[in-house]
Amino acid sequence: MVRLITHNLLACHVKGCTSNNFPLAFKDVQIELREAEMNPDFLRGFLPKIDWNALVGAARELGDTSLPAETPEMIDEEFLQTLHHVLLEIHVEEGTMTCPNCAHVYPISNGIPNMLLAEHEIG
Amino acid sequence: MIPTPDISHLKKSDYEHVYEPAEDTFLLLDALEQDMEQLREIQPLVCLEIGSGSGCVSAFITKILGPSSTLFLCTDINRFAADATRATGKQNKVPLEPVLASLASPLSSRLRRAVDILLFNPPYVPTIPDEADDAQTGAGIQGSWAGGNGGMQITDTFLQTVERLLSTKGRFYLVAVKDNDIPGIRARMLGDYGLKSEITLHRRAGREHLFVLMFHR
């Protein structure tokens, strides 16, 4: 279940790769949409933790262009619905995520991102 | 009373690769249930379990907090454990997010002071240091218990990152055994990072004297 909420929290952690190492770029993805219970309080609380540009970019990579380019000043029901769908209902089941800095590729298989590194890559 | 998560989908063959919930797991569940009200009160947005294994503990806390109020992230180095965590989420209809990773490595830069509930039932059994290193590299079931020197080799590495991860109202629950030198752990966390702690529960189970410690700011 790599949902965009999780993708928004994952950075490349290869030894020495400490800048421009986020967000990881999706490639060759297979997506599933699954409904989830919406919780407006959670979304409002989580909003300040989101890197907005990263979220909008990742959603576009997955073919979803429903989010505004910037966080709206007025957080209304319609916006929360859209945010809920993008953050929590799009599941990347297969594919890869590539670091924009060092080009390390992290595979996603069976919905699980493989963020493990080889011994020589660990900082 | 919170029901123990349904793990009937995990078979004997799964437990050849993944740690089967045992006394230490159940002690952590009891400790979380005991603190149920306080855990709900802090309205956690992010819960992170390190070494989630079967996914039993994260599925349990999801039942305490509700499936939509919190993001439940689970890391493990063991591919079979990440799969088991995913399956346990499905079986219990709770949204667990397994990430194949060592400790919190790929999440730590984005989750700075953002984790409200941090859970770790570490490999705490004292072994020779090489055995713990090999177990972590092998990423198999040995990694769930082989703790190296004083049983603290893996825990000590993680303890260095706890202060950076924990939110202002955050709580970190750690399982430990007497051999791990519990007063020493608590003194180091207070002295090095200013984190206070309490022993929330302890129990004897066979040869092991198990503890659950809770750290906070």
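Each chain gets a letter, A, B and so on, in the order its sequence line appears, and its residues count up from 1. Hydrogens, waters and symmetry mates play no part in the numbers below; they use all other heavy atoms, side chains included.
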If you count heavy-atom pairs under 4.5 Å with chain B, which of [options] comes out on top?
options                 : answer
A:L43, A:V14, A:N110    : A:N110
A:L24, A:N8, A:L117     : A:N8
A:V2, A:L9, A:D51, A:I5 : A:L9

Which heavy atom in [X] sits nearest to a heavy atom in [Y], and how many Å separate them?
X      : Y      : result
A:P113 : B:P98  : CD-O, 3.4 Å
A:G111 : B:R86  : CA-NH1, 3.5 Å
B:R79  : A:S109 : NH2-O, 3.1 Å
B:S69  : A:N39  : CA-ND2, 3.5 Å

Let me have the donor-acceptor pairs involving side chains of residues 87-97 of chain B, under 3.5 Å, with sequence neighbours excluded, atom names and distances please.
| from | atom 1 | to | atom 2 | distance (Å) |
| --- | --- | --- | --- | --- |
| B:T88 | OG1 | B:H9 | NE2 | 3.0 |
| B:T88 | OG1 | B:S54 | O | 2.7 |
| B:T88 | OG1 | B:A84 | O | 3.0 |
| B:Q91 | NE2 | B:D6 | OD2 | 2.9 |
| B:N92 | OD1 | B:D6 | N | 2.8 |
| B:N92 | ND2 | B:D6 | O | 3.0 |
| B:N92 | ND2 | B:T88 | O | 2.9 |
| B:E97 | OE1 | A:T6 | OG1 | 2.5 |
| B:E97 | OE2 | A:R3 | NE | 2.3 |
| B:E97 | OE2 | A:R3 | NH2 | 2.9 |

Report which part of [X] has an atom under 4.5 Å of a heavy atom belonging to chain B: side chain, backbone, both, or neither.
X     : result
A:F22 : side chain
A:A36 : neither
A:T18 : neither
A:N21 : neither
A:I50 : backbone

**Request:** Identify which of B:L73, B:T137, B:L107, B:T75 forms the greatest number of heavy-atom pairs closer than 4.5 Å to chain A.
**Result:** B:L107
With a 4.5 angstrom heavy-atom cut-off, which part of [X] approaches chain A: side chain, backbone, both or neither?
X      : result
B:L45  : both
B:L71  : both
B:T85  : neither
B:S109 : side chain

**Message:** With a 6.0 Å cut-off (strictly less than), is the heavy-atom count around CD of B:Q38, excluding the residue itself, greater than 12?
**Reply:** yes
**Item:** Neighbour count >12 (heavy atoms, 6.0 Å) for atom NZ, B:K169
**Value:** yes
**Item:** Member of B:I77, B:N78, B:V99 meeting the side chain to side chain contact (heavy atoms under 4.5 Å, CB included) criterion with A:L116
**Value:** B:I77
**Prompt:** If only atom types and distance count, is the side chain of B:R110 paired as donor or acceptor with the main-chain N or O of A:K49 below 3.5 Å?
**Reply:** yes
**Asked** How many angstroms lie between atom CG of A:L88 and atom OG of B:S68, to the nearest 0.5 angstrom?
**Response** 9.0 Å
**Asked** Looking only at heavy atoms, which of residues 115-131 of chain B get nearer than 4.5 Å to chain A?
**Response** none
